[in-house]
Amino acid sequence: MVGLSLGEKNFIKGGIAQDIRTDGRKRLTYRPIFVETGVIPQASGSARVKMGATDVIASVKAELGKPNASHPDKGKVSIYVDCSPTAEPTFEGRGGEELSMELSTALQRCLLGGKSGAGAGIDLSSLSIVEGKVCWDIYIDGLVVSSDGNLLDALGAAIKAALSNTAVPKVQVAANASLDEQPEVDVSDEEFQQFDTTGVPVIITLTKVGRHYIVDATAEEESQMSSAVSISVNRQGRICGLTKRGGAGLDPSIILDMISVAKHVSEQLINKLDSEIAAAEACEEE
Amino acid sequence: MAGKTINTPTTYTPSPTSQNKKRSSIFTGSDWVRPDGRGLHQCRPAFLRTGAVNSASGSAYAEFGNTKVIVSVFGPRESKKAMMYSDMGRLNCNASESKDLSSMLLKALEGAIILESFPKTTVDVFALGVGVWWNIPYIAGDLPVVISCASLALADAGIMLYDMVASVSMSCLGKNLVIDPVSEEESYQDGGLMITCMPSRNEVTQMTVTGEWSTPKIHEAMQLCLDACSKLGKIMRSCLKEAVSAPQE
């Protein structure tokens, strides 16, 4: 990224203070979101989301596996994000590793809920086939193709879209399996069931620049931030996860204020995303 | 651990660990009885000591219940990968097992250190734990203990800080908010919250939340955690004062 001059930095900060950002948006306005589903035919589900110049792809693969001994009635989900060097030359080799880990951890936190399963965006018990023996393993992979700020929100949206696009094959378990043996599982090629994504939350990142917060920061705006808080909100308005990024300290009242702003913004974002996803799916079917 | 005996009366009695307890069904709905008998809003008793490692610039030892952590700080010293001049100092954290933890520790401490006071050099923080349990990504397990101990070690090393960093985590079990959970309690939690803050400045440097929370619950949890952090901050300060005013041997 090209460095910013002092004049440009002041321009960005001053604009945000006056509710006019460099691209003309208000503080709480998102860039136009473009969703495309089914971009990777070999995957069980996939989606590509573009927010301005930020471009991310998410793919979902479902495979049969054995559940964890400590949670025999639940399936497993693993989320991994890869930052491709095409986005930023600094991402090559180990450079992107730290950012990938940060994004993967934040996404896992937001989508997988508490240990007991409460508040999870994906219902793990629905992934169990035979308790203790066979379950679905869901591998969610995110790829950052082009980075212009706000990667976490874009990845969250892409994962939500990819999950709506995911078709998990129906399984039939052989009826007379004894307790010790691995039961025979017949994976159907014809029949599929769609994933239920009404519970999947969206992630809203609020970036604090000066004394105001903005939503959907571009890379330039992110370079001027003092700190950022990413909040995951579901359709019912409950907070499903929160991560604070950035080194500067924040007054607790500001964090609480950010939470209420995020809830307010989330309603519009969820509706927008749902309509975009529905449109993308309709497009794909044609 | 070699050699050095610590001549202070113990401030807690360790609770016996019961390894093969069956997973009992939880939530009688009204009250969660904690395995070590603490109240819901009661933290584990803390034992803190600085100067545990002689060869380090600064170090601290912390015992919270069964968790024992040593953190040693080396620096400011010449940066190994210093090809570039930087007018801010660098902080490098290493928490024995994973990179995940090291990066969380780094983020928690970064906001409290006055990096401009040691340009061109690096401060290294090394953390080692016994009986510590980690559990990324759900919540941070005993990371709060490591963070608090690390900030004590930094103060012991004489690194300039804006304020002490205290950290506390909390679990939501059904309707109850339980502070400073042990691994057993956290495995049943519906939601978890960890706050790292600078008590005197009333600033939060790191906050992570998992699970489903309603806004009033988050308010309540944050308030409880911040109160606990300020108490922990006072304990840390008194530990530092003791270390300084103790007669030289």
Side-chain angles (χ1 to χ4, degrees), chain A residues 70-72 77-79 94 97-121 199 201 226-227 229-234 236-260 262-264, chain B residues 23 26-27 91 98-100 102-104 106-113 115 135-140 162-163 165 171-174 181 185-198 201-215 217-219 222-223 225-226 229:
Chain A
S70 49
H71 297 279
V77 176
S78 94
I79 304 184
R94 308 215 37 226
E97 211 180 294
E98 204 189 300
L99 182 59
S100 303
M101 245 182 1
E102 194 191 319
L103 291 170
S104 310
T105 313
L107 285 167
Q108 281 171 321
R109 196 176 282 140
C110 292
L111 294 172
L112 298 179
K115 276 293 206 43
S116 68
S226 55
S227 50
V229 176
S230 298
I231 303 170
S232 144
V233 188
N234 68 9
Q236 285 80 27
R238 320 264 293 199
I239 312 292
C240 298
L242 189 151
T243 315
K244 177 187 173 294
R245 290 143 60 208
L250 276 184
D251 198 87
S253 56
I254 295 189
I255 296 188
L256 292 171
D257 190 36
M258 281 180 158
I259 293 179
S260 55
K263 276 172 70 171
H264 173 69
Chain B
R23 266 179 63 172
I26 346 115
F27 314 148
L91 180 66
S98 63
K99 296 188 62 188
D100 247 344
S102 309
S103 72
M104 285 186 83
L106 180 77
K107 294 211 182 85
L109 295 174
E110 230 173 24
I113 300 184
L115 291 167
N135 213 326
I136 302 286
Y138 286 105
I139 200 72
Y162 287 114
D163 191 5
V165 177
S171 275
C172 173
L173 294 164
E185 291 167 326
E186 203 179 288
S187 60
Y188 297 145
Q189 71 178 15
D190 284 336
L193 183 142
M194 180 187 87
I195 288 197
T196 307
C197 80
M198 298 196 275
R201 287 172 66 107
N202 198 27
E203 269 181 17
V204 173
T205 57
Q206 194 185 47
M207 178 167 163
T208 53
V209 175
T210 52
E212 196 177 347
W213 294 77
S214 61
T215 314
K217 243 200 173 138
I218 288 198
H219 280 239
M222 272 181 79
Q223 209 41 56
C225 283
L226 290 169
C229 281

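Just so we're clear, the structure is a prediction, and the values are computed from it rather than from any experiment. Lettering of chains follows the sequences in order, A, B, ..., and the numbering in each one begins at 1. Heavy-atom basis, side chains included; hydrogens, waters and symmetry copies ignored.
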Fill in the blank from the handout: Taking every heavy atom of Arg109(A) against every heavy atom of Leu242(A), the minimum-distance pair comes out as CD-O, 4.3 Å

Practice task
Identify which part of Leu226(B) has an atom lying under 4.5 Å from any heavy atom of chain A, answering side chain, backbone, both or neither.
Solution key: side chain

Exercise for the section: Check whether Leu250(A) gets within reach of chain B through its side chain, its backbone, both or neither, counting any heavy atom under 4.5 Å. Expected result: both

Problem - Contact summary for Trp213(B) and Cys172(B), nearest pair of heavy atoms - result: CH2-CB, 3.9 Å

Completion exercise
Comparing Ile255(A), Thr243(A), Ile259(A) against chain B, the one with the most heavy-atom pairs below 4.5 Å turns out to be Ile255(A)

Exercise for the section: Using non-hydrogen atoms and a 4.5 Å limit, figure out which bit of Glu97(A) sits close to chain B: side chain, backbone, both or neither. Expected result: side chain

Problem - NE2 (His219(B)) with more than 12 external heavy atoms under 6.0 Å - result: yes

Problem - Donor-acceptor under 3.5 Å (Thr196(B) side chain, Thr205(B) main chain) - result: no

Problem - Which portion of Glu102(A) sits near chain B, non-hydrogen atoms under 4.5 angstrom - result: side chain

Problem - Proximity breakdown for Met207(B) and chain A, heavy-atom pairs closer than 4.5 Å - result: both

Exercise for the section: Locate the shortest heavy-atom distance separating Cys225(B) from Ile195(B); write the atom from each residue and the value. Expected result: CB-CD1, 4.2 Å

